[in-house]
Amino acid sequence: MFHSINAFNGEELYQRPFQPWPDFAAALTQLRTRQQQFAALSVTQRTALLNQFADRLDAEKERLAEMVCEEVGRCLHECRAELNKSVDLIRYYVRLAPELLAHKTIATQASLSQVRFEPLGVVLAVMPWNYPVWQVLRFAVPALCAGNACAVKPAPSVGRVTAALFELIGDSLPMIPAWLDNDDTLQAIAAADAMAFTGSTRTGRHLAAHAGRHLKKSVLELGGSNAVIVLPDADLAQAAREACYSRFRDAGQSCNAAKRIIVCNEIADRFIPLFLAECAKLKTGDPKQPETTLAPLHRADLRQSVHEQVRDALDNGAECLIGGKMPEGAGWFYPATVLDKVNPRCRVYHEEVFGPVAMILRADSTGHAVALANDSPFGLGATIYSADTEAAWGYAEKIQAGSVFVNRHTSSDLRLPFGGVKDSGYGRELSEFGLYEFVNVKTYWQK
C-alpha cells in the first residue's frame, strides 16, 4: 500500500491501498475522453486553466510545504522553495506556450507548408519521492499545455502530499493519480501513449525497456554523480562554500547535487580545510526549525544503504575526514560525511550516493580532472571553478554531461533544458525543449 511516515519522529501520516487495475483502466478510459476535449481547446484556453491552478497552488503552498517537510524529511525552507518554484513553473509555461506551440509556416515549393505541434494523448508519469510536487509538475505542465492528459503514479511513501496536490488540481485539468502497484504500473505504460520517469537508473532501465517493447515515447531523468572541478586558480572559499551547499542540501537526496569533488593536488591542502569548515557549520535537527540545515533521510533503508556505501569505501582505501558513523536516536539522520582518497575499488566511485556523503578525488592536472569527471557511468551535471572562464568553457566542452556550470553549483532553471546523458537518462525537461518532448511534430503540405 501507499504508506507515509514522518521522517523526523516516525509518526504514521497516511496510508491507502493500491488501486485495483480495473478501477484504473476505467479511469484511464474516461481520461482519454477528457484529453480529446481538452486538446480541442485553444492553447490560451488551456493555459488559462493552468493559470487558475497556479493561483490555487500559490494559496496553499505553505500547507503543502509542511506536508512535504513531514513526509520527505527535507528542511521546511527547502520545501517552501520547491513550492515557490512549482508555481513559477506554471506561470512560465502559461506565458511561453502560446508562442512555442504556434503553427510554423516554412517556405517550400508548396503553396502552404507548416509544422504543427499536436498532443500524443495520455502520458503516464512514474514519479519519485524526493520532490513530490515539483517533479510531477515539471513533466505535467508542459505536457498539458500541448493538449496531453497526464496520469501520475507517485512513489509509495509520498501518498499524502500527492493526494493533496490532486485535490488542488481538481477536475479542471485532465490529470489523475495512478495508485498502482509495480506490476500494474507496467500495464499502465503499455496502455498509455508515452511515459515520463524520474528515479534510479536501475528502475529507469526496466521501465524504458518495457516502454520500448510497446513503442511508447519515453523521457528518463535518472541518477547523477555530479563532479565539481576545483582548478588551481579558483576562488577556493567560494568553491568550498558552494560545494558544501550543493552536496548537503536536501540531506544530499538530489540527483543534481554535487557528489564528487575533484581537486587539483597543488591546492588540495588549502581547499579541503575550507570545505571541512563549511561542513562543520551544518546543523541537524527538526526540519521545521529554521536553524536546521541538515535534515533526516527519507527512510531507514535509504540511510542504511548510504552507510553501507561508506563502509565499503573505507574497506577499500578511502579515508573518512568527518562523519561516517551511524547515529543513534529518533529520526533517520546521517552525519555530513567527507571521504578522501576515493578510488575505483570503492562502490561510491561508480555508484550514486543518495545521501549526505561527499567524495574527494585528487587530480594531477587539469586534463586529469576532466578525465576523472568523465570516469563515471552518470552524466547529469558538472561544475568548474576557475578564474579563467575562457579556459573553463573549453574544459566544459569535454565533459560528458547534460549541463556544465562555471563558477556556480549545478541547479535547474525554468528557462534552460534539464536532463542528462549516459546512465543519467535521455530527453529533456523545462524550457521549450521540455515542451516539445511530448508532442507529435507534424508536417502539413498543400500543393
Side-chain angles (χ1 to χ4, degrees), residues 2 16-57 90 93-94 97-98 100-103 116-127 135-154 159 162-181 183-197 207 210-211 213-219 434-442 444:
F2 287 80
R16 71 181 299 150
F18 290 123
Q19 184 177 17
W21 173 255
D23 291 355
F24 176 75
L28 184 61
T29 298
Q30 294 176 354
L31 185 64
R32 286 197 176 281
T33 300
R34 292 176 61 196
Q35 184 272 323
Q36 293 169 4
Q37 297 166 345
F38 188 68
L41 300 175
S42 68
V43 177
T44 52
Q45 287 173 316
R46 295 197 292 267
T47 55
L49 293 173
L50 281 162
N51 205 36
Q52 292 168 13
F53 167 55
D55 291 340
R56 298 193 297 272
L57 185 63
I90 304 171
Y93 277 112
V94 164
L100 294 178
L101 293 171
H103 305 333
R116 299 185 181 183
F117 306 100
E118 299 179 357
L120 295 181
V122 175
V123 184
L124 176 77
V126 183
M127 293 285 99
Q135 301 280 22
V136 169
L137 297 182
R138 189 175 70 184
F139 112 86
V141 171
L144 290 166
C145 286
N148 294 290
C150 301
V152 178
K153 192 275 182 190
T162 301
L165 176 63
F166 274 89
E167 287 175 4
L168 288 176
I169 292 170
D171 296 328
S172 63
L173 298 169
M175 189 171 172
I176 62 170
W179 304 103
L180 300 174
D181 64 16
D183 290 340
D184 286 344
T185 298
L186 296 178
Q187 286 196 72
I189 292 171
D193 300 299
M195 180 194 74
F197 172 72
L207 297 185
H210 190 75
R213 191 174 303 122
H214 294 275
L215 295 178
K216 308 295 183 179
K217 170 70 185 292
S218 60
V219 170
L435 184 65
Y436 294 142
E437 285 287 359
F438 293 117
V439 298
N440 175 17
V441 183
K442 189 173 176 181
Y444 286 80

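All values below were derived from every heavy atom in this structure, side-chain atoms included, with hydrogens, water molecules and symmetry-related copies excluded.
When only modelled atom types and interatomic distance are considered, Ser42 and Gln45 share a side-chain donor-acceptor pair under 3.5 Å. Donor-acceptor pairing under 3.5 Å is lacking for the side chains of Gln35 and Arg32. Between the side chains of Asp184 and Gln187, at least one donor N or O sits under 3.5 Å from an acceptor N or O.
Atom-to-atom distance recorded for Leu101:CG and Thr47:OG1 is 9.5 Å, nearest 0.5 angstrom. The distance from the NZ atom of Lys216 to the CG atom of Asp193 is 5.5 Å, given to the nearest 0.5 Å. Taken to the nearest 0.5 Å, the CG atom of Leu31 stands 10.5 Å off from the CD atom of Gln36. Considering CZ of Arg34 and CG of Leu28, their distance stands at 11.5 Å, rounded to 0.5 Å.
Using a 4.5 Å heavy-atom threshold, the side chains of Thr44 and Pro98 count as touching. Side-chain contact between Leu180 and Phe24 is present, with heavy atoms from C-beta onward closer than 4.5 Å.
Of all non-hydrogen atoms in Ser172 and Leu49, the two that sit nearest each other are O-CD1, 3.7 Å. In plain terms, the two heavy atoms of Met127 and Gln135 that are nearest each other are SD-O, 3.4 Å. When every heavy atom of Ala143 is checked against every heavy atom of Cys150, the shortest pair comes out as CB-SG, 4.0 Å. Contact detail for Phe438 and Ala146: the closest heavy-atom pair is O-CB, 4.5 Å. For Cys145 against Val43, the heavy-atom pair with the smallest separation is O-CG1, 4.5 Å. Here the closest non-hydrogen pair linking Phe166 and Ile176 is CE2-C, 3.3 Å.
Centroid-to-centroid, the aromatic rings of Trp179 and Phe2 come within less than 6.0 Å.
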Go through the steps for Leu144 and Met175 under the test side-chain contact (heavy atoms from CB on, under 4.5 Å), then give the verdict.
-> CA-CA 9 Å; Leu144 290 166; Met175 189 171 172; 4.0 Å; yes

Start with the C-alpha distance between Phe139 and Val123, add both sets of side-chain angles, then the distance that settles side-chain contact (heavy atoms from CB on, under 4.5 Å), and finish with yes or no.
-> CA-CA 9 Å; Phe139 112 86; Val123 184; 3.6 Å; yes

Begin from the C-alpha positions of Leu207 and Met195 and carry the test side-chain contact (heavy atoms from CB on, under 4.5 Å) through to its verdict.
-> CA-CA 9 Å; Leu207 297 185; Met195 180 194 74; 3.9 Å; yes

For side-chain contact (heavy atoms from CB on, under 4.5 Å), just list the numbers for Leu137 and Leu57, CA-CA rounded to whole Å, side-chain angles, deciding distance to a tenth of an Å, and then say yes or no.
-> CA-CA 11 Å; Leu137 297 182; Leu57 185 63; 3.8 Å; yes

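Looking at Val94, Ile90, Val141 one by one, the single match for side-chain contact (heavy atoms from CB on, under 4.5 Å) with Phe53 turns out to be Ile90.
Salt bridge absent: Asp181 and Lys153 never bring a charged side-chain N and a carboxylate O closer than 4.0 Å.
With Asn148 contributing its side chain and Leu120 its backbone, the two residues share a donor-acceptor pair below 3.5 Å. A donor-acceptor distance shorter than 3.5 angstrom exists from the side chain of Arg56 to the backbone of Ile169, with no hydrogens or angles considered. Between the side chain of His210 and the backbone N or O of Leu186 there is at least one donor-acceptor pair closer than 3.5 Å. Side chain of Arg46 to backbone of Leu41: a donor-acceptor contact under 3.5 angstrom is found.
Ring geometry for Phe117 versus Tyr436: interplanar angle under 30°, hence parallel rather than tilted (30 to 60°).
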